[in-house]
Amino acid sequence: MTLLEGKAISVSFGGVQALSAVDLSVHEGDVLDLIGPNGAGKTTLLNAISGLCPARSETLKFNGTEISRLKPHRRAKLGIARTFQVVKPFDRLTVVENVAVGAMFSGHKIPTRSRVIERARVALEQVGIASKADLFPRQLTLSERQQLELARALAMEPALLLLDEVMAGLNHAEIEKTMALIQHINKNLGITIVVVEHVMKAIMNVCNRIVVLHFGKKIAEGTPARIVESPEVIQAYLGKRFADRQRRDQAQRAAQP
Ligand SMILES: Nc1ncnc2c1ncn2[C@@H]1O[C@H](COP(=O)(O)OP(=O)(O)OP(=O)(O)O)[C@@H](O)[C@H]1O
C-alpha cells in the first residue's frame, strides 16, 4: 500500500530551485534512502513532506489524505515524524522531558501528563538510552544525543519516520548500532522510514529502495542493486570505485550459502 504519494513537488528559495517537480512514492514498510550530492535537495524534500518549508505540488497525500496545505503539527498528528540533521534539544529539560515534548504530538487527542511521560520512557527504551532519562542533554555523548532525537520522533508514534543524517559524526561501532536500530524500528515497530544518509555502505544493506536527487531533480530510483548499476548515479554521486566495490560485496553475499 502507498503511504505517501507526492507528485511534482517543487520548492524554490528566491532564485534557487531547490526541488524541481519531484515525484515520490513511499510504500508501507519501506526503508527508502534519499541520496545525492551536497545541495541536491534531500533535506528540502523532508521539509516539504513534514511541512517545514513552503512547497508546491500537484498532490501530496499521506494515507490517502491531501496534506499539502496542512501545518507541520497537523501532519505530525497524522503520523509523520522527523529528526533533524543538527540536534537541538531543550537544554534545560531532562532527556525524558525532551522526549515527552515529542509525545505531546502523538495522534492522541488530549495526551495526559502521565501518558506523555510513560510514552517518552518507552521511546527511550526503544532506542536504548532509558538509563539516561533523568540526565540533561549536555551530559550525553554525540551518539546518545542522536538517539534522543530518534526517541523524540518515535514518541510521536509515527507511521512514517523521516531521518535526516542520524549517523553524521558517529564512529564505526555507533553506525552499526544505529543501523540495527533503524532495522528494529522498521521491522519490529512496523514504522515506514525515509532516510537521508551519506554513509552509503551501511545504509545500502538496510534500505529496500533508493531515490537519487541531483540539483533538485530525481535522476534515478530503484533497489540498491539497480542503483549501483546506474551510470548516471555513478557519475553524479557514487563514483566508480564505490560502485565496483559494492557490486563485488553484493556478489560475495549472494554466493554465500
Ligand atoms: N532556507 C533556505 N534558503 C535558501 N536556500 C536554501 C534554503 N534551504 C536550502 N537551500 C538551498 O537549496 C538547495 C538544496 O538544499 P538542501 O539542504 O535540501 O540539500 P541537501 O541535499 O540536503 O544537502 P546536504 O547533503 O549538504 O545536507 C541548496 O542549494 C541550498 O543552498
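Every number for a ligand or one of its atoms is a count from 1 in the order of the listing. For this chain, numbers begin at 1 and follow the sequence in order.
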If you draw the axis of the six-membered ring of Phe84, does the NZ or CZ of Arg82 fall within 45° of it and under 6.0 Å from the ring centre?
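Satisfied, under 6.0 Å and within 45°.
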
Answer yes when Arg69 and Glu66 have at least one side-chain N-carboxylate O distance shorter than 4.0 Å, and no when they do not.
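Salt bridge flag = no for Glu66 with Arg69.
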
Test of understanding: with side chain to side chain contact (heavy atoms under 4.5 Å, CB included), list the residues that count as partners of Arg226, not counting sequence neighbours.
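Per chain and number, Arg226 pairs via side chain to side chain contact (heavy atoms under 4.5 Å, CB included) with Thr223.
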
Any pair with a residue in residues 123-135 that passes salt bridge (charged side-chain N to carboxylate O under 4.0 Å, His left out), sequence neighbours left out, goes on the list, sorted by first then second residue, please.
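Output for this query lists Arg121-Asp134, Lys132-Glu144.
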
Expected rows: ligand 1 N/O, protein N/O, dist below 3.5 Å:
{"residue": "ligand 1", "atom": "18 (O)", "partner": "Thr44", "partner atom": "N", "Å": "2.9"}
{"residue": "ligand 1", "atom": "18 (O)", "partner": "Thr44", "partner atom": "OG1", "Å": "2.5"}
{"residue": "ligand 1", "atom": "19 (O)", "partner": "Gly41", "partner atom": "N", "Å": "3.2"}
{"residue": "ligand 1", "atom": "21 (O)", "partner": "Ala40", "partner atom": "N", "Å": "3.0"}
{"residue": "ligand 1", "atom": "21 (O)", "partner": "Gly41", "partner atom": "N", "Å": "2.9"}
{"residue": "ligand 1", "atom": "21 (O)", "partner": "Lys42", "partner atom": "N", "Å": "3.0"}
{"residue": "ligand 1", "atom": "21 (O)", "partner": "Lys42", "partner atom": "NZ", "Å": "2.8"}
{"residue": "ligand 1", "atom": "22 (O)", "partner": "Thr43", "partner atom": "N", "Å": "2.9"}
{"residue": "ligand 1", "atom": "22 (O)", "partner": "Thr43", "partner atom": "OG1", "Å": "3.0"}
{"residue": "ligand 1", "atom": "23 (O)", "partner": "Gly39", "partner atom": "N", "Å": "2.8"}
{"residue": "ligand 1", "atom": "25 (O)", "partner": "Asn38", "partner atom": "OD1", "Å": "3.3"}
{"residue": "ligand 1", "atom": "25 (O)", "partner": "Lys42", "partner atom": "NZ", "Å": "2.8"}
{"residue": "ligand 1", "atom": "25 (O)", "partner": "His198", "partner atom": "NE2", "Å": "3.2"}
{"residue": "ligand 1", "atom": "26 (O)", "partner": "Asn38", "partner atom": "OD1", "Å": "3.3"}

Sole candidate of Leu46, Asp33, Ile193 that passes side-chain contact (heavy atoms from CB on, under 4.5 Å) when paired with Leu163:
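Filter result, single survivor: Ile193.
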
Among residues at least two apart in sequence or on other chains, which ones pass side chain to side chain donor-acceptor pair (under 3.5 Å) with Glu5?
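Ser25.
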
